[in-house]
**Q** 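Supplied in structure tokens, the structure appears directly below.
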Number of protein chains: 2
Amino acid sequence: MANIREIARLAGVSVSTVSRVLNNHPYVSGEKREIVLKTIQELDYSRNINAVHLSRGKTNMVGIVLPTINHPYFSNLLDGIAEEAMQRNIQLVLFQTGYKQEKELEALEQLRGHLIDGLIFCSRALSFNNLMIYKGFGPIVLCEDADQKEFPSVSIKHVEAFNLGLDFLISKGHERIAICLGRLEGTNSRKRQEAYTNKLEMLRQEVHSDWIIGDCLMFEDGKRVIHHFENMPNKPSAFLVGNDQVAAGMITEAINRGFSIPDDLAICSFDNHPVSEMMGISTIDIPAKQLGTSAIQAFLKRTADPGYAEKIVLPFELIVRKSV
Amino acid sequence: MANIREIARLAGVSVSTVSRVLNNHPYVSGEKREIVLKTIQELDYSRNINAVHLSRGKTNMVGIVLPTINHPYFSNLLDGIAEEAMQRNIQLVLFQTGYKQEKELEALEQLRGHLIDGLIFCSRALSFNNLMIYKGFGPIVLCEDADQKEFPSVSIKHVEAFNLGLDFLISKGHERIAICLGRLEGTNSRKRQEAYTNKLEMLRQEVHSDWIIGDCLMFEDGKRVIHHFENMPNKPSAFLVGNDQVAAGMITEAINRGFSIPDDLAICSFDNHPVSEMMGISTIDIPAKQLGTSAIQAFLKRTADPGYAEKIVLPFELIVRKSV
DNA sequence: ATAAATTGTGGAACGCGTTTCAGGTCAAGA
DNA sequence: TCTTGACCTGAAACGCGTTCCACAATTTAT
């Protein structure tokens with residue numbers, strides 16, 4: 001396969017002239033431009049993009065770090081990212097890490113090695129200090145509500161949203177409230193647990209450790225929660241659930257086991273996934289796709305201004321349905 | 001930021017020696033290896049991955065072409081691809097094309113330009129002839145059941161699966177059957193429409209053109225179908241639906257409008273998404289994640305053997321629930 | 001003792017495209 | 001008429017890492 005030097009040789013021009021034609025630069029005569037284009041076509045020439053990236057020092061590629069694609073929040077977020085990226089001719093390199101820190105570090109190493117121009121962390125297991133090490137290697141955008149001023153971020157106020165859910169359940173007369181979260185380990189998860197503990201204390205309610213359930217990501221996890229619920233000595237009367245899929249699993253299994261929603265068990269969740277409308281679930285609408293769009297915009301702003309570190313916070317909204 | 005020449009100069013060795021150390025090659029003395037590693041650490045050196053890709057002539061990156069992420073079949077497929085890729089240290093470059101042919105061509109141009117080592121088409125709008133033009137530029141895997149022997153493919157027999165759905169509805173006494181598809185344009189869609197038309201003719205049933213509904217991808221589309229159904233002069237008694245989300249939307253809206261499932265309207269769909277269990281939908285289980293895994297394996301086989309063009313066909317299974 | 005193989009190292013070509021700098025010609029402005 | 005700017009083109013440096021080939025020393029096998 002031909003390279004630029006061969007094209008130049010056969011067209012009888014210099015490598016610079018060929019490069020000018022390839023890049024639509026001015027100051028190339030019409031005659032020379034045509035003969036170069038003709039030669040390119042005849043040899044079916046296509047330039048090596050690795051060489052272009054190397055010599056330009058930029059790739060127009062952005063890395064996306066997420067734990068899993070197969071989760072409605074992440075697939076919505078990725079959808080927003082991907083659509084905005086397509087509009088801006090940005091290519092996406094996917095890093096599905098499963099929250100493995102060494103995989104997240106690999107993504108950061110790719111940023112350091114100039115394969116990608118920036119990174120968007122949809123969620124992360126790596127510590128903030130680890131991220132700080134890589135701050136100078138290119139724009140890093142965090143899709144999280146964290147107390148930090150080093151990186152631009154896009155998020156909703158998860159703790160406030162969580163409190164809204166708790167307050168809504170309380171306003172409906174529930175005081176014995178359990179929670180289901182995707183994970184118990186992250187900064188945000190710990191904050192939610194704190195918020196939950198604080199609210200129960202306000203209600204003078206005992207905090208039951210078995211009313212804080214982790215590892216709830218999908219529908220099947222929701223079913224498992226109901227098995228757990230059945231065997232609780234002290235049963236809650238309501239659940240605040242991390243996402244609609246889990247809530248739907250819980251409702252499906254609860255009904256199968258003769259419980260009545262919301263009489264025996266009220267359920268409020270997050271996302272406003274279509275399944276929540278299907279199942280009549282009260283939910284807090286999280287604009288994940290719009291978060292994704294904003295993440296790409298934040299990446300571009302940071303690229304233009306390395307000091308840019310705005311925290312973009314999008315609103316959320318409670319949607320009341322039958323499950324509470 | 002330092003480059004390999006500077007590392008070599010400061011370590012007092014040649015560029016070759018530094019490269020041997022970076023790549024863990026033999027034939028470097030212990031003494032020289034240590035001084036190179038020390039210099040690398042002192043200067044916080046990291047090599048430019050574009051240069052590595054350029055000089056090696058391979059990137060270990062695979063492009064994934066899909067119309068949208070936010071569709072259960074595609075997100076499941078991508079999940080399978082991503083997990084297998086992570087296992088094999090393959091990086092994924094995402095091309096969310098929205099079925100725009102120019103976007104699909106961009107992905108093929110990236111293959112031709114050596115940015116990626118191969119391409120996996122989850123679905124496509126481009127013609128087969130267009131793909132053939134790019135055949136020699138690297139492995140291309142198709143996630144489709146097409147009559148072709150040029151590219152390896154992974155698929156299920158969609159037309160057989162479709163016929164299974166139709167036969168199931170017929171076995172339950174339905175003859176007035178309508179269909180909902182994601183698209184009406186693709187090769188596979190046309191084959192399904194043909195299969196549908198043939199089956200209705202066997203039943204001596206008239207084919208109503210308004211019983212073939214396209215553009216059904218998500219839950220909202222399903223709701224729209226029910227509006228359409230209400231206004232049909234000749235109503236079908238059953239629907240075979242392209243995916244569970246659409247079916248769920250239909251069921252939700254049908255019940256809201258006072259119809260009874262399956263008495264007034266029987267619904268059978270595809271995928272075996274959790275929502276189908278939630279809603280009690282009879283569905284044909286499509287192993288999308290496994291298709292994804294097989295797609296990466298096919299890519300690797302084709303890389304090793306450019307003549308490899310096996311058609312991998314995975315099984316499907318009817319799961320009977322209440323909606324029929 | 002000699003030949004062959006292994007070990008160790010460096011120079012420079014190779015992978016390929018962009019950009020800078022220099023030189024020449026022609027046109028426009030002062 | 002002279003100066004400056006625009007236009008056109010090419011050589012070579014630059015972006016950066018891998019690999020091949022050559023040479024020398026040491027070890028192993030005959």
Side-chain angles (χ1 to χ4, degrees), chain A residues 1-40 43-61 109-117 137-138, chain B residues 1-40 43-61 109-117 137-138:
Chain A
M1 197 184 168
N3 65 25
I4 197 171
R5 282 169 175 78
E6 195 173 339
I7 297 296
R9 190 173 60 78
L10 291 169
V13 299
S14 73
V15 159
S16 307
T17 301
V18 178
S19 184
R20 287 190 185 100
V21 173
L22 286 167
N23 289 293
N24 268 320
H25 285 181
Y27 304 158
V28 182
S29 75
E31 179 200 350
K32 297 239 168 151
R33 188 182 296 276
E34 281 198 44
I35 198 169
V36 167
L37 288 171
K38 187 157 163 282
T39 309
I40 285 171
L43 273 79
D44 197 29
Y45 168 72
S46 173
R47 51 187 167 171
N48 189 302
I49 300 170
N50 299 301
V52 176
H53 289 175
L54 171 61
S55 57
R56 277 181 185 168
K58 69 192 292 287
T59 65
N60 256 48
M61 289 163 61
E109 281 296 313
Q110 302 284 44
L111 177 66
R112 190 156 86 119
H114 302 282
L115 178 73
I116 45 182
D117 295 340
F137 294 116
Chain B
M1 194 184 174
N3 63 23
I4 196 170
R5 282 169 176 78
E6 196 173 338
I7 298 295
R9 188 174 60 80
L10 290 170
V13 300
S14 74
V15 159
S16 306
T17 302
V18 178
S19 184
R20 286 189 188 101
V21 173
L22 286 167
N23 289 292
N24 268 319
H25 286 181
Y27 304 157
V28 181
S29 73
E31 180 200 348
K32 298 234 169 160
R33 188 182 295 276
E34 281 199 42
I35 197 167
V36 168
L37 288 171
K38 186 162 165 277
T39 309
I40 285 170
L43 274 78
D44 196 28
Y45 168 72
S46 175
R47 53 188 167 172
N48 188 302
I49 299 170
N50 299 300
V52 176
H53 289 172
L54 172 63
S55 58
R56 281 181 183 166
K58 69 190 294 285
T59 64
N60 254 50
M61 289 163 62
E109 281 296 314
Q110 300 285 44
L111 177 65
R112 190 157 84 122
H114 301 284
L115 177 74
I116 46 184
D117 294 341
F137 295 118

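Proteins come first, then strands; the chains are lettered A, B, ... in the order of their sequence lines, and each starts at number 1.
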**Q** So, does B/Tyr27 get its side chain near the phosphate of C/dT7, meaning an N or O under 4.0 Å from OP1 or OP2?
**A**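 Indeed, a polar side-chain atom of B/Tyr27 lies that close.
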**Q** Provide the closest heavy-atom pair for B/Leu43 versus B/Ala2 in the form atom of the first, atom of the second, distance.
**A**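 Result for this residue pair: CD2-CB, 3.7 Å.
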**Q** Do B/Arg112 and A/Asp44 have side chains that get closer than 4.5 Å, going by heavy atoms?
**A**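 Yes; the side chains approach each other to less than 4.5 Å.
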**Q** Find the distance A/Ile4:CD1 to C/dT19:C1' and express it as a whole number of Å.
**A**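 Value for this atom pair: 11 Å.
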**Q** By the 4.0 Å heavy-atom rule, please label A/Val28 as base, sugar-phosphate, or nothing.
**A**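 Sugar-phosphate only.
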**Q** Quick one, B/Leu22 and B/Ile40 - any side-chain contact, counting heavy atoms below 4.5 Å?
**A**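 The answer is yes; the side chains approach within 4.5 Å.
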**Q** With heavy atoms of chain B within less than 4.0 Å as the criterion, where does contact along DNA chain D begin and end?
**A**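 Terminal contacting nucleotides, 5' to 3': D/dC16 to D/dC20.
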**Q** Pick from B/Val36, B/Ile35, B/Thr39, B/Val18: which one makes a side chain to side chain contact (heavy atoms under 4.5 Å, CB included) with B/Leu10?
**A**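 Exactly one pass, corresponding to B/Thr39.
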**Q** Given axes from five pairs at either end, by how many degrees does the helix from C/dA1-D/dT30 to C/dA30-D/dT1 bend, rounded to 10°?
**A**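 That helix gives 30° between its end axes.
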**Q** How close or far is atom C1' of C/dG17 from atom CZ of A/Arg20, stated in whole angstroms?
**A**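 Computing the A/Arg20:CZ to C/dG17:C1' distance gives 13 Å.
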**Q** Tell me: NZ of B/Lys58 to P of C/dC14, nearest whole Å?
**A**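 Going from B/Lys58 (NZ) to C/dC14 (P), I get 23 Å.
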**Q** How about B/Asn48 and B/Asn3: do any of their side-chain heavy atoms sit closer than 4.5 Å?
**A**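 They are not in contact (no side-chain heavy atoms under 4.5 Å apart), so the answer is no.
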**Q** Would you say the side chains of B/Ser16 and B/Ser19 form a donor-acceptor pair under 3.5 Å?
**A**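 There is no such pair (donor and acceptor under 3.5 Å, judged by atom type) between the side chains of B/Ser16 and B/Ser19.
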**Q** Less than 4.5 Å apart, any side-chain heavy atom of B/Leu115 and any of A/His53?
**A**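 Yes, at least one pair of side-chain atoms sits under 4.5 Å.
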**Q** Roughly, in whole Å, what's the span from CD in A/Glu6 to C1' in C/dG17?
**A**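 Atom-to-atom, A/Glu6 to C/dG17, this comes out as 15 Å.
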**Q** Do A/Gln110 and A/Met61 have side-chain heavy atoms sitting under 4.5 Å apart?
**A**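 No - every pair of side-chain heavy atoms lies 4.5 Å or more apart.
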**Q** Can you give me the closest heavy-atom contact between A/Lys32 and A/Val13, atom names plus distance?
**A**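 Heavy atoms only, the tightest pair is CD-CG1, 3.5 Å.
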**Q** Which atom pairs link the protein and nucleotides 25-29 of chain C when you take only N or O atoms and keep those under 3.5 Å?
**A**
none

**Q** What integer distance in Å separates B/Arg9:CZ from C/dG11:P?
**A**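 From B/Arg9 CZ to C/dG11 P: 14 Å.
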**Q** Give the rounded distance in Å between these two atoms: CD of B/Glu31 and P of C/dG8.
**A**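 In whole Å, C/dG8 P lies 12 Å from B/Glu31 CD.
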**Q** Taking atom P of C/dT19 as reference, at what distance in whole Å does atom CG of A/Asn24 sit?
**A**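 Those two atoms, CG and P, are 13 Å apart.
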**Q** If you find the nucleotide of DNA chain C closest to B/Leu54 and the one closest to B/Pro26, which residue's nucleotide is nearer the 5' end?
**A**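 Checking each residue's closest nucleotide, the 5'-ward one belongs to B/Pro26.
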**Q** When the distance from CG of B/Asn48 to P of C/dT18 is rounded to whole Å, what number comes out?
**A**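 In whole Å, C/dT18 P and B/Asn48 CG are 16 Å from each other.
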**Q** Give a yes or no on this: more than 12 heavy atoms of other residues, nucleotides or ligands lie within 6.0 Å of atom CD of A/Glu34.
**A**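 Not buried by this count: 12 neighbours or fewer within 6.0 Å.
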**Q** Please determine, for the side chain of A/His25, which listed nucleotide (C/dT18, C/dT19, C/dG8) has the closest atom?
**A**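 Within the option list, the nearest is C/dT19.
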**Q** State, with a plain yes or no, whether a side-chain heavy atom of B/Arg47 is found less than 4.5 Å away from one of B/Asn23.
**A**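 Heavy-atom side-chain distance check passes, below 4.5 Å.
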**Q** Pick the nucleotide of DNA chain D nearest each of A/Gly12 and A/Asn50; which residue has the one closer to the 5' end?
**A**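 The residue mapped nearer the 5' terminus is A/Gly12.
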**Q** Could you pull out the closest heavy-atom pair between A/His114 and B/Asn50, with the gap in Å?
**A**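 It is O-ND2, 2.9 Å.
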**Q** Give a yes or no on whether a donor-acceptor pair under 3.5 Å exists between the nucleobase atoms of C/dT18, that is its base, and the side chain of A/Ser16.
**A**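 Counting by modelled atom types and ignoring angles, no donor-acceptor contact under 3.5 Å is found here.
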**Q** Report yes if at least one side-chain N or O of A/Ser19 is closer than 4.0 Å to OP1 or OP2 of C/dT18; otherwise report no.
**A**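 Checking C/dT18 against A/Ser19, a side-chain N or O does come within under 4.0 Å of OP1 or OP2.
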